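Please read the structure below before turning to the comments.
Predicted, not measured: the structure shown is a model, and the values here were computed from it. Below, chain A is the first sequence line, B the second, and so on; all start at residue 1.
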Amino acid sequence: MASRGIKDRVAIIGMGCTKFGEHWDKGPDDLLVDAAYQAYESAGVEPNDVDAYWLGTMGSGISGLTLSEPLKIQYKPVTRVENMCATGSEALRQACYAVASGAFDMAMAIGVEKLKDSGYSGLVMNAPPNDGTEGSMTAPASFSLLAPAYFKKYGLDPDKGKDVLTRIAWKNHKNGAKNPKAQFQKEVSLETIKNSPKIADPLGIMDCSGVSDGSAAAIVVRAEDAHKYCKNPIYIKALSFIAGPAEGPLSQDYDFTTFREVVATAKDAYAQAGITNPREQISMAEVHDCFTPTELVLYEDLGFSPRGTAWQDVMDGFFDLEGKLPVNPDGGLKSFGHPIGASGLRMMYEMWLQMRGEAGARQIKNPKVGLTHNLGGAPGRCVSFVSVVGSQVG
Amino acid sequence: MAEQAQATDTGPRPIVPWLKLAPKPHLEGIKCEKCGAIYLDPKRVACSKCGEAEKFAPVTLSDKGKVYVFSVVHQSFPGIKTPYVTAIVDLPEGISVRANLTGVDPEQAQKEPNKIFNLPVELTTGVTAKDREGHDVIAFSYQPSKN
């Protein structure tokens, strides 16, 4: 038994992504049509050329009908998938495996989420608590625990630690300001971020990702067919998805400075892709910055920084757009926004643009190998996804 | 018969099944007899550490513990008063419990977090609501230990 992966057997030949943000005038149908038709056009294919579809949405619809109705799909397989905030990545994974297996020649993965008309303005999944105990650990609160735990373990003064978190949000806004599809296209000063209204100490509102509507889509084929459609496809090197046993909330061995699920997915993905030194070999990454301390911990879980040193890399600008390993060049969840089912494919959309030299003002010089990381759940109890993609085979 | 008795009982009800009110309020977990891992939810069907599915026994948990980490929540669900302190409390049995801290000033906790890490705390309970049948609903939290 082994996780063998499908290195270089599948390529993305077209992608689409709506603007993320508050689309009060659009429903999931409109967003899906927008992203899907961008993807068809990008690949130069007709809707009927696509043999099968995987739709990712956490709560904006159930069953394949959510997609087949608005797209008027002509009697083809459509599967709706859900894997919390990593739903979009799960849709892509399924579509890639479907073409890799030979079952279909061309598949679309598409994700959508319509959060802004759902009656709340935060990533609240559970029923409101009435007990003042378990449920009062809100989503921001459960992720905020990473910060004091990390600061304490590595001897970081809380104020200095807050500066590290602030710089992560600052970077992501700086990148998002260069992205015409981002929810928040504005640079924000360090001072404004640091002093933003408190949500769950030490997190302020500016440490939290944007609640957003949007959709993103990818069309995949077997790698050998890619050049029939596309001069510069991107190749799937690794896809890893792991659900943990949820020991964290109960076990005292779990110290809230890591996501074990992420460590496991990174290990699996790097083995599939043949990556031995991620800090050196990866040109850019899109990671799941739902809250700023998440991004801090992910740097270490993904092997970009040795344990206890990611905060120094943050302050040194290592992950800036101009840095050695740019992370969230498109603005990330923080600035691009987080329409849950679409986010994983939005991350891949940035890989697509960057590797084809189409990222405009935020273009990274000649990126060869990219990584996307998508997470669902909370520290100690989550699902995690890591992909590695490249501009070349081999 | 048991169901009938319950329907006419107007006594207090614990908010979660692992909070027991008698003889005095305490938490009761279940312990995997194979590997020793402890869980709160009695409905659990298997051990996430070793996979054992059969051998679980109830275990009374200590009413004293220590704060591992915490957050001061300023924005919560509709109707929940903020700010409050929510925390992970480590119990001597080796299990972690999520609960709020009471008797701790949120502003002060934020200013001086090092006074809250490792703080010895004890279980306390109080009425949090009345359910539809008029029972008092009892919730638990932890407060700084008095002794």
Side-chain angles (χ1 to χ4, degrees), chain A residues 119-122 124 126-153 157-159 161-162 196-205 208 243-257 291 293 378-381, chain B residues 14-16 18-19 29 37-41 44 46-49 51 68-88 90-91 93-100 102 106-107 109-114 116-118 126 128-129 131 137-142:
Chain A
Y120 61 86
S121 201
V124 180
N126 302 319
N130 50 10
D131 58 351
T133 56
E134 289 234 333
S136 54
M137 182 85 65
T138 60
S142 64
F143 281 92
S144 80
L145 300 176
L146 297 167
Y150 183 96
F151 301 161
K152 187 162 164 267
K153 183 168 179 179
D157 171 72
D159 192 58
K162 177 72 181 172
S196 67
K198 296 275 187 201
I199 298 293
D201 186 68
L203 307 186
I205 185 79
C208 306
E247 279 185 73
L250 297 157
S251 165
Q252 290 176 16
D253 328 327
Y254 179 66
D255 72 358
F256 288 86
T257 65
F291 302 96
R381 184 176 179 276
Chain B
I15 187 89
V16 283
W18 50 91
L19 173 64
I38 299 175
Y39 302 94
L40 287 175
D41 191 349
R44 187 160 192 111
C47 175
S48 76
K49 274 228 163 98
Y68 176 68
V69 70
F70 71 99
S71 178
V72 180
V73 179
H74 293 264
Q75 292 286 325
S76 190
F77 305 88
I80 304 284
K81 196 167 165 267
T82 58
Y84 58 83
V85 184
T86 187
I88 305 288
D90 286 350
L91 303 187
E93 290 78 17
I95 187 175
S96 299
V97 180
R98 289 174 182 227
N100 286 354
T102 45
E107 298 294 326
Q110 210 163 298
K111 271 186 210 147
E112 295 181 286
N114 286 331
I116 307 297
F117 291 126
N118 293 322
T128 189
D131 71 9
V137 178
I138 309 296
F140 72 94
S141 60
Y142 287 88

Below 4.5 Å from any heavy atom of chain B, which atoms of A:Ser144 appear? Answer side chain, backbone, both or neither.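 Looking at A:Ser144, just its side chain touches chain B.
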What's the shortest heavy-atom distance between B:Arg98 and A:Ser142, and which atoms? NH1-CB, 4.1 Å
Test item: A:Pro148 and B:Pro113 side chains (from C-beta on) under 4.5 Å apart, heavy atoms: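 No. Closest side-chain heavy atoms not under 4.5 Å.
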Taking the side chain as every heavy atom from C-beta outward, state whether A:Pro197 and B:Gln75 have any pair of such atoms under 4.5 Å apart. no
A:Leu203 side, atom CG; B:His74 side, atom NE2 - distance, nearest 0.5 Å: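 With rounding to 0.5 Å, CG (A:Leu203) is 10.0 Å from NE2 (B:His74).
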Look up atom NZ in B:Lys111 and atom CG in A:Asp201, then write down how far apart they are to the nearest 0.5 Å. 11.5 Å
Could you give me the CA-CA distance, side-chain angles and deciding distance for A:Met137 and B:Ile88, then say whether side-chain contact (heavy atoms from CB on, under 4.5 Å) is met? CA-CA 10 Å; A:Met137 182 85 65; B:Ile88 305 288; 4.0 Å; yes
Under 4.5 Å heavy-atom distance to chain A, tell me which part of B:Ala87 shows up: side chain, backbone, both or neither.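 The backbone, not the side chain.
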Going by salt bridge (Lys or Arg N to Asp or Glu O under 4.0 Å), name the pairs with one or both residues in residues 137-153 of chain A, residues two or more places apart or in two chains. A:Lys153-A:Asp255
Checking side-chain contact (heavy atoms from CB on, under 4.5 Å) for the pair A:Asp253/B:Lys49: CA distance, chi angles, key distance, verdict? CA-CA 12 Å; A:Asp253 328 327; B:Lys49 274 228 163 98; 3.6 Å; yes
Sort out for me which of B:Val73, B:Leu91, B:Ile95 touches chain A most, counting heavy-atom pairs under 4.5 Å.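 Most heavy-atom pairs within the cutoff with chain A belong to B:Ile95.
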For B:Glu93, which residues count as a salt bridge (Lys or Arg N to Asp or Glu O under 4.0 Å) partner, sequence neighbours excluded? none
